[in-house]
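One-based numbering, in listed order, for ligands and for the atoms of each. The residues of the chain are indexed from 1 along the displayed sequence.
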Amino acid sequence: MNIGITCYPTYGGSGAVATSLGIELARRGHEVHFITYAHPFRLPHFLERVYYHEVEMGEYPLFEHPPYCLALAVAMHDAARKHRLDLLHVHYAIPHATSAWLARAMLGDGRVKLVTTLHGTDITLVGQHPSFRAITRFSILRSDGLTAVSQYLKDATVADFGVPAERIEVIPNFVDTAEFRRDRQPCHRDVLARPAEKIVMHVSNFRPVKRVTDVVEIFARVQARVPARLIMVGDGPERPRAADSAEALGVADRVTFLGKHDSVAELLSCADVFLLPSESESFGLAALEAMACGVPVIGTRVGGVPEVVIDERVGWLGSVGDVEGMAEVAVELLRDQGRWHAASAAARALAVERFSAEGVVPVYERYYQEIAERSAGS
Ligand code: GMT
């Protein structure tokens, strides 16, 4: 198939998954066209059958708020026409599903099928804002295919937007288990920590929902009992508060803020525990990537996280804000080598068995086929 993919290309789980999906589809012989405003951050520069179309935005003094949604629709329309796209697969509903619907209307023949993957706050937060709600509902209902990254997110979409359950397919996120693995070289362990220290890691966009100050609070309790270092990967609005919190708790010299990284596999592969104490999380891709690297996950039982961190063999989930409980489990795990090795192996095994690209990408391919056939027959 010739497939157009649109996502947020800079940082974030939805862009990471969309890009990996495009790369895997191209490996399987499909022609893939990324239609985005910047080069997708996880896309290497040249890959066979992979093309990148940058959305061009015209500037005009009148545009205090440039209409990106329209420029994207035009780029989608052009790519669909020139490259005979069979399908446009958009990741994150706002505004991508709307632009895709517009692009198809401009094409006028209904040949291009639209698939929208719902990722999280497009449904649970931003999509519910009065300024977006009606257009979000309209656009997702106009998609030929709808997928959600977890059962939790599907249920939320049915409940909050009145989308019929049978219209949404749950297809979980996946991880490249050849890239995300424990025995990677080079391993940066020696640079990140002293030999006797354990590495506690957090990766996110440092938005309030991630509760990064809880990460620091948990770590402060852990390092009081086990020699350890906290590695914070990513950046975002809450980073200054996390740094202040490390200062206030007297652990600033044990916390390293690495900022944004394109590929986190080489960092995750030398971590001992991954912390994800989020307030809300439709899936938790970072947790899955940690698990694939054999890193047990300690986090919160929210949203779709229990569908990823499935049981206590691979990690532990507590209540939002329970920094004491999460720290206690981290200490127990880090002190007991036998238990840690069992959790690490179980985390890796679960990632490989349930969330590998080899397992999940064919599910997308079958879904595309079904959408194409269903629409052809209707
Ligand atoms: O929805 C967002 O806030 C952004 C989005 C992203 O691009 O990272 O995150 C969501 O999608 C990820 C990929 O499917 C999931 O792993 C995250 O759990 C989800 N974030 C939230 O639900 C807060």
Practice task
Would you check if I35 and V55 make a side-chain contact, meaning some heavy-atom pair closer than 4.5 Å?
Solution key: yes

Practice task
Taking only heavy atoms of the protein into account, state which residues are under 4.0 angstrom from an atom of ligand 1, in chain and number order.
Solution key: G12, G13, S14, Y92, H119, G120, T121, V149, N173, R207, S280, E281, S282, F283, G284, L285

Handout entry: Qualifying residue for side-chain hydrogen bond (donor to acceptor under 3.5 Å, both in side chains) with T117, from T147, D122, N173
Key = T147

Exercise for the section: Tell me whether the guanidinium CZ or amine NZ of R133 lies under 6.0 angstrom from the six-membered ring centre of F161 and within 45° of its axis. Expected result: yes

Practice task
Would you please classify the geometry between the F138 ring and the W101 ring as parallel, tilted or perpendicular, with 30° and 60° separating the classes?
Solution key: perpendicular

Practice task
Measure the acute angle between the ring planes of H39 and Y52, then classify it against the limits of 30° and 60° as parallel, tilted or perpendicular.
Solution key: perpendicular

Handout entry: Residue pair L153 / T124, side-chain heavy-atom distance below 4.5 Å
Key = yes

